[in-house]
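Encoded as structure tokens, the structure appears first; notes follow it.
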Amino acid sequence: MTIQQPSEALMPRSYPSEFRRKVLDLVASGRKVAEVAQLLGISDQTIYVWRRQHLIDTGQLPGSNSTGQCEPAAARKRIAELEAGLAVQRRAAELLGEVMSPKGGSKPSA
């Protein structure tokens with residue numbers, strides 16, 4: 001029995017913001033969403049999602065704008081980096097504490 005990989009059509013792709021902007025410009029110029037989607041080989045639903053997000057970003061619809069969605073993700077990534085660095089420092093302190101522990105305390109002065 002062979003295992004089949006999911007087709008690329010089912011996997012979400014990330015498109016550059018310039019491409020998204022050009023797609024939205026084509027739709028704004030009067031071309032039909034289905035026509036643009038077929039022409040560029042993307043889903044018409046993807047265009048509708050981009051158009052809705054553009055309307056939110058420009059204040060024409062209520063909702064969370066794109067920059068508001070990126071900030072929490074960047075913060076979570078930075079927190080994970082800091083936690084990893086802290087874990088390394090804690091482990092290093094544990095190892096150094098084991099190696100450098102004094103034997104029998106300090107020597108009495110004469």
Side-chain angles (χ1 to χ4, degrees):
M1 176 165 77
T2 60
I3 299 174
Q4 294 181 355
Q5 296 294 325
S7 72
E8 285 189 32
L10 299 176
M11 303 293 288
R13 289 189 276 175
S14 179
Y15 295 95
S17 58
E18 293 173 8
F19 178 75
R20 292 179 188 203
R21 179 77 251 146
K22 289 180 181 180
V23 169
L24 293 176
D25 288 345
L26 286 171
V27 172
S29 71
R31 303 211 38 196
K32 295 183 186 249
V33 171
E35 176 188 350
V36 173
Q38 185 178 11
L39 177 69
L40 299 175
I42 59 176
S43 160
D44 57 345
Q45 184 61 38
T46 298
I47 297 174
Y48 287 119
V49 169
W50 292 349
R51 186 168 64 179
R52 178 172 169 71
Q53 189 60 53
H54 174 70
L55 293 173
I56 291 170
D57 290 347
T58 57
Q60 298 174 42
L61 283 177
S64 298
N65 64 17
S66 297
T67 57
Q69 294 172 359
C70 294
E71 290 173 5
R76 283 191 297 274
K77 181 179 177 185
R78 181 68 179 140
I79 288 169
E81 291 170 355
L82 292 172
E83 287 176 343
L86 185 58
V88 168
Q89 288 180 350
R90 285 182 179 154
R91 182 64 181 140
E94 288 174 7
L95 292 173
L96 289 174
E98 293 172 8
V99 172
M100 300 181 68
S101 61
K103 297 179 182 179
S106 60
K107 294 183 180 181
S109 56

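- Counting non-hydrogen atoms of other residues, nucleotides and ligands closer than 6.0 Å to CZ of Arg21 gives a total above 12.
- Annotation: salt bridge (charged side-chain N to carboxylate O under 4.0 Å, His left out) contacts of Glu81 (sequence neighbours excluded): Arg78.
- For Glu35, the side-chain hydrogen bond (donor to acceptor under 3.5 Å, both in side chains) partners two or more places apart in sequence, or in a different chain, are Arg31.
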What do the steps show when you test Val33 against Arg51 for side chain to side chain contact (heavy atoms under 4.5 Å, CB included), and what is the final call? CA-CA 10 Å; Val33 171; Arg51 186 168 64 179; 4.2 Å; yes
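- The pair Arg91-Glu94 meets the salt-bridge criterion, with a side-chain N (NZ, NE, NH1 or NH2) lying under 4.0 Å from an Asp/Glu carboxylate O.
- Applying the side-chain hydrogen bond (donor to acceptor under 3.5 Å, both in side chains) criterion to Thr58, with sequence neighbours excluded, gives Gln60.
- Within the structure, ring-ring contact (aromatic ring centres under 6.0 Å, His included) contacts touching residues 17-46 (residues at least two apart or in different chains) are Tyr15-Phe19.
- Arg90 meets the side-chain hydrogen bond (donor to acceptor under 3.5 Å, both in side chains) test with no other residue; sequence neighbours excluded.
- Under a hydrophobic clustering in which Ile, Leu, Val, Met, Phe, Trp and Tyr are joined whenever their side-chain heavy atoms come within less than 4.5 Å, directly or via other members, Val36 and Val49 fall into different clusters.
- Across every non-hydrogen atom of Ile47 and Leu24, the tightest pair is O-CD2, 4.2 Å.
- Judged as a salt bridge (charged side-chain N to carboxylate O under 4.0 Å, His left out), and not counting sequence neighbours, Asp44 has no contacts.
- Between Asp57 and Gln53 there is a side-chain heavy-atom pair separated by less than 4.5 Å.
- In this structure, Ala37 and Ser43 approach most closely via the heavy-atom pair CB-C, 4.0 Å.
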Decide side chain to side chain contact (heavy atoms under 4.5 Å, CB included) for Ile56 and Arg52; before the verdict, give the C-alpha distance in whole Å, the side-chain angles of both, and the deciding distance to 0.1 Å. CA-CA 6 Å; Ile56 291 170; Arg52 178 172 169 71; 4.2 Å; yes
